[in-house]
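A short worksheet on the structure shown next.
Residue numbers begin at 1 in each chain, while the letters A, B, ... track the order of the sequences.
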Protein chains: 2
Amino acid sequence: MTKTSRNSLRDQIEGEIIGGQYLPGQRLDELSLAERFGVSRTPVREALMQLASMGLVEIRPRRGAIVAQIGTERLIQMFEVMAEYESMAGRLAARRHTDADRALISERHAACADAVERNDSARYYEENEAFHFAIYAASHNEFLREQATALHRRLKPYRRLRQRFRNRMHISFAEHQQIVDAIFAMDGEKASEVLRNHIIIQGEQFSDFIASLQMDVQARQAGSGPA
Amino acid sequence: MTKTSRNSLRDQIEGEIIGGQYLPGQRLDELSLAERFGVSRTPVREALMQLASMGLVEIRPRRGAIVAQIGTERLIQMFEVMAEYESMAGRLAARRHTDADRALISERHAACADAVERNDSARYYEENEAFHFAIYAASHNEFLREQATALHRRLKPYRRLRQRFRNRMHISFAEHQQIVDAIFAMDGEKASEVLRNHIIIQGEQFSDFIASLQMDVQARQAGSGPA
DNA sequence: AAAACCAATCCTGCATACAAGAACGGCGAT
DNA sequence: ATCGCCGTTCTTGTATGCAGGATTGGTTTT
C-alpha cells in the first residue's frame with residue numbers, strides 16, 4: 001500500500017475543503033497548489049480530477065477548478081438523500097446490530113449527553129457526527145456506510161455554518177434518545193422514521209439560513225471571480 | 001461546453017465497461033488504451049482516475065488499473081441501497097409528479113406492457129430501465145436521480161447476466177402496475193413499499209446466481225491475473 | 001464617458017521524457 | 001526437480017515542454 005502522491009494530495013485538499021480552509025466558489029489554481037505541496041502540476045491535476053468525481057470540486061473545461069458551489073435547491077435535495085441514508089441505516093441497525101455495535105452506540109450517545117450537560121455545542125457537533133457514524137457501522141452495510149459518510153463529508157462545508165443554531169442541541173439529543181431506544185428495541189420502522197425526521201428537520205432549519213449562506217457565496221464569488 | 005479528451009474517454013471506457021466489453025477483473029492497460037484511442041497516456045490516466053472515483057475501476061498503486069470486481073457481499077449491499085433509492089424515488093414521485101411525469105410514466109409502462117405481450121425479454125429489460133428512470137425523474141430530486149442512475153449503471157455489468165431469469169418478466173410487470181397505481185394515487189408509502197420489495201426481490205433472486213457469477217469472475221481472474 | 005474591440009499574458013490540456021517499482025524469466029542452489 | 005534469487009523488461013508515477021483557449025488590461029470608437 002504505497003501512498004501515491006496524488007492520493008495524499010487528494011486527501012489533503014479534501015481535508016482542507018471539508019475543514020473550510022477553501023470555501024465554496026474559491027479558485028483552485030494548479031500551479032499554486034503544486035508549488036505549495038512541492039510537486040509538479042501532474043499529481044495536483046489528478047487529485048483535483050478525483051475530487052471532481054466526488055463532487056467536491058467543479059472543473060470547468062479550460063477554465064480551471066473551483067470548490068464546488070452547491071445551490072440552494074441542490075443542497076435541499078442532498079439533505080433529502082442524506083435523510084434517507086440515515087433512515088435506512090437506522091432500520092438496518094435495529095435489525096442487525098451486534099453487542100459491540102450496541103456498546104459503541106451507547107458510548108457515543110453518552111458522549112453526546114456529556115456535551116449537552118457541559119453545554120459545549122462545538123463538542124456536541126463532533127460527538128453527534130460520531131454517533132451517526134456508529135449507526136452507519138451498525139447497519140452492517142459497508143456500501144451504505146461509505147455512501148453516507150461520503151455525502152456527510154460533502155455536506156460538511158455547509159453544515160459547519162450551522163453551529164449558529166445552538167439551541168437545537170437539546171432537541172437533537174432528545175431525538176438521539178428516541179433513535180437509540182428504537183434501535184435497541186430492534187424496532188426498525190421506528191428507528192427509520194425518527195432518523196428521517198431527525199435529518200429532515202435539520203434540512204428544514206437549513207432553509208432558514210441557506211439564504212444567508214447563498215449571500216455569503218455570492219459575495220465571495222464577486223470577490224474572487226464572478227460566474 | 002467543450003468536451004475535453006479525458007471526459008470523452010471516461011464516457012467511452014465507462015460505456016464499454018457497462019456494456020460488458022471489459023469484464024470485471026480485466027486489466028486496463030494505459031498504453032493500449034492510449035494507442036487505441038489515438039491519444040497519449042495522460043488523458044487516459046485522468047479518465048481512469050475518474051472511473052476509479054466512481055467505483056467502476058480499481059487502481060492499485062504501481063500495479064495498474066482493473067475493472068472493479070465486486071464481491072458477493074458488497075453486491076448484495078449495493079442492491080440494498082439501490083432498493084432504497086427506488087423506494088425513496090417512488091415516495092417522492094407519488095407526492096410530486098406533474099402531469100408530464102404522469103404521461104411519461106404511463107408511456108414507459110405501456111412500453112413494458114408491449115414487451116410483455118410480445119414476450120420480448122430483451123426489450124423488456126430496456127423498457128424496464130426507462131420505466132425506473134422515469135420514476136427517478138418524477139421524484140423531482142435531481143441529486144437522487146443522479147445517485148440512482150449512477151448506481152444503476154454500476155450494477156449493470158452484473159445485472160445484465162440476469163436475463164436468464166426470463167420468467168420474472170411477468171411478475172415484474174405486475175409489480176410495475178402496483179407501482180404506477182400507487183404513484184398515481186399519490187400514495188407515497190405504498191409506492192415506497194412496493195418499489196423496495198420490487199428491487200429487494202430482484203436482489204434475493206440475485207443470491208441464486210451470484211454464486212455462479214462469482215465463479216465466472218474467479219475463473220477470469222485465474223486466466224488474466226490472480227490476486 | 002461608457003462600451004466594445006484587440007493584444008498580451010496567463011493558465012489549462014495534452015504530449016513527451018525520465019525515474020522507480022513491479023512482474024517475469026532464467027539461472028543457480030538445495 | 002523444485003524452489004528461491006537476481007537481472008531484465010515492462011509499466012506506472014511524476015516532471016517538463018508546448019500549443020490553444022480564456023482572461024485581463026489598454027486602447028479606440030461612438
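Distance B/I59 CD1 to C/dG21 P: 19 Å, rounded to the nearest Å. What separates CG of B/L33 from P of C/dA15 is a distance of 14 Å, to the nearest Å. Between the CZ atom of A/R62 and the P atom of C/dC11 there is a distance of 14 Å, given to the nearest Å. The distance from atom CG of A/L31 to atom P of D/dC18 is 17 Å, rounded to the nearest whole Å. Distance CZ (B/R60) to P (D/dG13): 11 Å, rounded to an integer number of Å. Here C/dA15 presents its P atom at 13 Å from CZ of B/F37, a figure rounded to the nearest Å. Distance A/E30 CD to D/dA15 P: 13 Å, rounded to the nearest Å. Between the CG atom of A/N7 and the C1' atom of D/dT14 there is a distance of 14 Å, given to the nearest Å.
Within 3.5 Å, no donor on the side chain of A/R63 pairs with an acceptor on the base of C/dG13, nor the reverse.
Residues A/E86 and A/H132 bring a donor and an acceptor atom of their side chains to less than 3.5 Å of each other. Side-chain contact annotation: A/R96 with A/H140, donor-acceptor N/O pair under 3.5 Å absent.
Between the side chain of B/S32 and the backbone N or O of B/L28 there is no donor-acceptor pair closer than 3.5 Å. Listed for the A/H152 side chain is no donor-acceptor partner under 3.5 Å among the backbone atoms of A/A148.
The aromatic rings of B/H198 and B/H176 lie perpendicular to each other, with more than 60° between the two planes, well past the 30° mark.
Phosphate proximity of C/dT12 to A/R45: absent, as no side-chain N or O sits under 4.0 Å from OP1 or OP2. Distances shorter than 4.0 Å separate some side-chain N or O of B/R27 from OP1 or OP2 on D/dT12. Within the 4.0 Å cut-off from OP1 or OP2 of D/dC10, not a single side-chain nitrogen or oxygen of B/R41 is found. Not one side-chain nitrogen or oxygen of A/T42 sits closer than 4.0 Å to the OP1 or OP2 atom of D/dT14.
Closest to the A/R6 side chain, of the nucleotides C/dC14, C/dA20, D/dT14, is D/dT14. Side-chain proximity of B/D29 to D/dG13, D/dT14, D/dT12: nearest is D/dT12.
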